Amino acid sequence: MTRLRRATVAALTCWLALTSCSGPAAPDARNSGPRPLTADEADRVALARFTTYRLGTGNVTTTIPSQGRTITLTGRIDWRHHLGYAELRDDAEPPTRELVQWTITHVTTRPRWTGGLPKRPPATGWETHRLTPHRSPLDTALILLLNLGTDRPDNAQLLARSSARLVRQDRIAGTPVIVVAGPAAPTAASQPGSDRPALGNTRYWIDRDGRLLRFQARAGGESAWMTTELAQTRADPLPSPPPADTVPAPPSR
């Protein structure tokens, strides 16, 4: 097995571990239903995370369902260095608002924030804890966002032979895209009453140049989808992480 093939298998395994395995296909009247990827479609999927990585730093807006509320994350991600910086707010009453900076293993938060996303983060008031993705939909989402960029294309031939499926054609702001369901867990069962395999719990909206414009996942055991919109213009560099006190991870987020 080549190094690239091993890397692709490892990446797909990581996605399956962070998302909740698989789910039924959503019908779409404009399409004949999910089907295997063509060679061209597999090439586009293989490029998607690599084109995000080549962008370097980009603006994202993500909505995350978590325990009956919706968390909105607005900020920037540096996919080359696996860093994120964003403002977080939810729809509770009163709403929670925080600044967050995170890496692939830890998140640093500035609670009780009211000032939007500053170019320079405040120097004090930060707390750090280790990410716990299997206990927290938010922590799962933070890791998934950082993994939307990778330093090499995925293996298109492996993707074409996998359980990844074309779900439908779509448009985002007038741009034609394909909507692809990522590979399902190896143990996922077929849909009840059908010989059609269950679909994986990730979705990618990819244009003809292999650019990822939207991403969805069911994360952290939630039945609703987290949704990320990715801008295709390079964003400002992220600020340096502030000093912070290390605290235990909260029970859930």
Side-chain angles (χ1 to χ4, degrees), residues 7 9-21 49 52-53 57-58 60-90 92 95-113 117-118 120-151 182 185 201-202 215-228 230 237-253:
V9 172
L12 296 178
T13 301
C14 174
W15 284 103
L16 294 174
L18 288 172
T19 57
S20 50
C21 296
R49 295 196 300 145
T52 303
Y53 176 87
T57 302
V60 299
T61 300
T62 300
T63 55
I64 307 157
S66 178
Q67 301 178 354
R69 60 182 177 144
T70 299
I71 299 170
T72 300
L73 194 84
T74 306
R76 308 195 298 276
I77 295 179
D78 181 342
W79 285 288
R80 295 186 181 181
H81 299 96
H82 284 90
L83 300 172
Y85 175 51
E87 181 193 15
L88 178 154
R89 64 185 185 276
D90 67 11
T96 297
R97 294 184 66 180
E98 300 178 352
L99 290 181
V100 293
Q101 290 188 284
W102 73 99
T103 68
I104 205 72
T105 59
H106 287 79
V107 59
T108 300
T109 63
R110 175 61 158 76
R112 297 175 295 280
W113 183 251
L117 186 67
R120 247 180 220 278
T124 61
W126 294 86
E127 300 175 349
T128 294
H129 72 263
R130 179 172 288 277
L131 290 169
T132 54
H134 297 294
R135 291 168 42 193
S136 164
L138 175 58
D139 287 5
T140 300
L142 295 179
I143 295 174
L144 288 172
L145 288 172
L146 295 184
N147 279 291
L148 291 179
T150 185
D151 64 356
N201 273 351
T202 53
F215 170 75
Q216 285 189 333
R218 287 193 182 104
E222 292 286 336
S223 59
W225 295 91
M226 67 164 272
T227 300
T228 298
L230 296 90
L238 270 63
S240 300
D245 296 323
T246 301
V247 298
S252 62
R253 289 167 62 83

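Residue indices begin at 1 and follow the sequence shown. Here the structure is a predicted model, which means the values were calculated and not measured.
Here the side chains of Phe215 and Leu148 are in contact, with some heavy-atom distance below 4.5 Å. Residues Leu131 and Ser136 form no side-chain contact, since every pair of their non-hydrogen atoms from C-beta on lies 4.5 Å or further apart. Between Tyr53 and Thr150 the shortest side-chain heavy-atom distance does not fall below 4.5 Å. Side-chain atoms of Arg130 and Thr105, non-hydrogen and from C-beta on, do get closer than 4.5 Å to each other. Side chains of Pro111 and Trp126 form no contact here, defined as non-hydrogen atoms less than 4.5 Å apart. Contact annotation: the side chain of Ile77 never approaches that of Tyr85 to less than 4.5 Å [non-hydrogen atoms, C-beta and beyond].
Checked by atom type and distance alone, the side chain of Arg76 pairs as donor or acceptor with a backbone atom of Pro237 at under 3.5 Å. Asp78 places no side-chain N or O within donor-acceptor distance of the main-chain N or O of Thr57, the cut-off being under 3.5 Å. Without hydrogens or angle criteria, Thr132 side chain to Arg135 main chain gives no donor-acceptor distance under 3.5 Å.
Smallest separation of non-hydrogen atoms from Thr72 and Thr61: CG2-CG2, 4.4 Å. Of all non-hydrogen atoms in Leu142 and Trp102, the two that sit nearest each other are O-NE1, 3.0 Å. Closest of all the heavy-atom pairs between Gly75 and Leu117 is CA-CD2, 3.8 Å. For the residue pair Ile104 and Asn147, the shortest heavy atom distance occurs at CD1-ND2, 3.5 Å. Trp225 approaches Pro65 most closely through the heavy-atom pair O-CD, 3.6 Å. The shortest non-hydrogen separation linking Met226 to Ile64 is CB-CA, 4.2 Å.
With no hydrogens or angles considered, a side-chain donor-acceptor pair links Thr128 and Thr108 at under 3.5 Å.
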Test side-chain hydrogen bond (donor to acceptor under 3.5 Å, both in side chains) applied to Thr227 and Gln216, step by step: CA-CA 5 Å; Thr227 300; Gln216 285 189 333; 3.0 Å; yes
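Under 4.0 Å is where a charged nitrogen must lie from a carboxylate oxygen, and between Arg110 and Glu98 no such pair does.
With rounding to the nearest 0.5 Å, the separation of CG in Leu73 from OG1 in Thr228 is 8.0 Å.
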